[in-house]
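If you read the sequence from its start, that first residue is 1, and numbering goes on from there. The analysis underlying the following values was restricted to heavy atoms, covering all of them including side chains, and did not include hydrogens, waters or symmetry mates.
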Amino acid sequence: MPRRTKLLLLSAVAIVVISCYALLSQHRARLAQGELATILPQIATITLYDLDLSDPTDSKTLEAAISAPFPADVFTRAAASARHRDGITVWKGSSLAVITLRDGTQRRARFSYYGGFFTLDGANGRFSIPGDSSSDFHQALIQFINQHFVPRRIERNKA
């Protein structure tokens with residue numbers, strides 16, 4: 001097979017692979033957005049835990065962790081305008097969120113301290129909240145951390 005034909009064939013294969021990846025990403029984004037839209041009106045409570053991504057999240061760990069209820073209305077307002085994003089997520093800090101739905105079902109999520117994004121277990125990628133560090137969600141999260149986590153971290157570290 002001539003070199004030019006091989007290059008054309010490789011180019012065609014590359015275009016097909018890239019197109020398939022793009023279509024798959026769009027499909028995953030639609031599924032994730034749909035899943036988020038489905039659970040938002042069903043959220044009854046949210047409990048935030050002062051746990052890192054690498055921490056185990058079994059029931060004993062959750063019982064021992066610093067936790068407090070987070071205002072569900074603040075999250076649902078912010079999440080209603082969130083957009084799905086694919087790709088690598090760089091975590092600088094986060095809290096585990098246990099979202100309890102009206103039927104008692106629980107879903108886990110991660111709220112980023114810095115990035116204006118969150119993840120929802122079972123949904124690929126992350127959800128980006130529009131705005132910057134002055135958004136209501138970001139301000140509420142920082143205030144929450146300062147009121148509920150920081151004082152208890154200080155107490156724990158003194159012991």
Practice problem: Begin with the C-alpha distance, continue with both residues' side-chain angles, and end with the deciding distance and a verdict on side-chain contact (heavy atoms from CB on, under 4.5 Å) for Q106 and L101. | Solution: CA-CA 6 Å; Q106 291 189 328; L101 305 181; over 6 Å; no

Nearest 0.5 Å, please: how far is [atom2] in [Y] from [atom1] in [X]?
X    : Y    : atom1 : atom2 : result
R156 : R153 : CZ    : CZ    : 7.0 Å
F117 : R85  : CZ    : CZ    : 12.0 Å
H138 : D136 : NE2   : CG    : 11.5 Å
D50  : I145 : CG    : CD1   : 8.0 Å
R108 : L62  : CZ    : CG    : 5.0 Å
K158 : I154 : NZ    : CD1   : 7.0 Å

Contact summary for [X] and [Y], nearest pair of heavy atoms:
X    : Y    : answer
D121 : E35  : O-OE2, 4.5 Å
S94  : Y113 : O-OH, 3.3 Å
F144 : P69  : CE1-O, 3.1 Å
F111 : F118 : CD2-CB, 3.8 Å
A72  : A44  : CB-O, 4.3 Å
L36  : A79  : CD2-O, 3.6 Å

Exercise. State which residues pass side chain to side chain donor-acceptor pair (under 3.5 Å) with R126; sequence neighbours excluded, sorted by chain then number.
Key: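 R126 satisfies side chain to side chain donor-acceptor pair (under 3.5 Å) with no other residue.
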
Self-check item: Pairs satisfying side-chain hydrogen bond (donor to acceptor under 3.5 Å, both in side chains), at least one member in residues 65-76, at least two apart
Solution: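 Those involving residues 65-76 are D73-R77.
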
Exercise. Apply side-chain contact (heavy atoms from CB on, under 4.5 Å) to F70 and T47, showing your working.
Key: CA-CA 6 Å; F70 185 79; T47 302; over 6 Å; no

Quiz item: Does atom CZ of R3 have more than 12 heavy-atom neighbours, drawn from other residues, nucleotides or ligands, at distances under 6.0 Å?
Solution: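 Count not over threshold, so no.
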
Self-check item: Audit row: S95, F149, side-chain contact (heavy atoms from CB on, under 4.5 Å) steps and yes/no
Solution: CA-CA 10 Å; S95 285; F149 290 174; 3.2 Å; yes

Practice problem: For A80, check side chain to side chain contact (heavy atoms under 4.5 Å, CB included) against everything at least two apart and list the hits. | Solution: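 Checked A80 against side chain to side chain contact (heavy atoms under 4.5 Å, CB included); matches are L40.
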
Practice problem: Output yes when a side-chain donor or acceptor of R107 lies under 3.5 Å from a complementary backbone atom of T100, and no otherwise. | Solution: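 It does not hold such a pair.
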
Quiz item: Given the rule in the side-chain contact (heavy atoms from CB on, under 4.5 Å) test, do Y49 and T61 qualify, once you have shown the distances and angles that lead to the verdict?
Solution: CA-CA 10 Å; Y49 292 85; T61 303; over 6 Å; no

